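One structure below.
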Amino acid sequence: SINLPGGTLRRRTAEDALLMRNFFVENDLISAEVQQFYHDGSMALHTRNLKYGKLKNGQFMTVPSALIKRGKSHFLSFAFGVDVIVGNNGYIFISTTPKQGSELDGGMKETEERTEPLS
């Protein structure tokens, strides 16, 4: 399934796969659950709700994975306006908490046209 703009959840189709470039480009940072690994080395990612999606307006960093303790939730939100996503692989994303009333879309807004080629 896929979360579309406005929070619409529906089954992914072949057409959706072709239109993903409207939402994501190379080097975008996303948050998702790994649903399945395939024999050819590829994997299926799953975004169950709007807390997953494109990560923006924050800082990405890495630490040794041995420093990360498994927990019930790796999405932390602090009262002073900071959200932290901690991956079991040592990846950490720190951002400000979205303002109340702002549209939560999982990062699924169409990307702006780029005037320069990606390298």
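For reference, positions follow the sequence shown, starting with 1. Bear in mind the structure is a predicted one, so any value in this text is a computation, not a measurement.
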Problem - Atom pair CG/CG of Asp83 and Leu55 - distance to nearest 0.5 Å - result: 11.0 Å
What side-chain donor-acceptor pairs closer than 3.5 Å can you find for residues 85-96, not counting sequence neighbours?
from	atom 1	to	atom 2	distance (Å)
Asn88	OD1	His74	NE2	3.2
Asn89	OD1	Tyr91	N	3.1

Could you list the donor-acceptor pairs under 3.5 angstrom formed between side-chain atoms of residues 61-73 and any protein atom two or more places apart in sequence or on another chain?
from	atom 1	to	atom 2	distance (Å)
Ser73	OG	Phe75	N	3.2
Ser73	OG	Phe75	O	3.4

Practice task
Say whether Leu45 and Phe37 are linked into one hydrophobic cluster, either directly or through other cluster members, by side-chain heavy-atom distances under 4.5 angstrom.
Solution key: yes
Practice task
Mind checking the CZ-CG spacing from Phe60 to Leu29? Nearest 0.5 Å is all I need.
Solution key: 5.5 Å
Handout entry: More than 12 heavy atoms from other groups under 6.0 Å of CD on Glu33
Key = yes
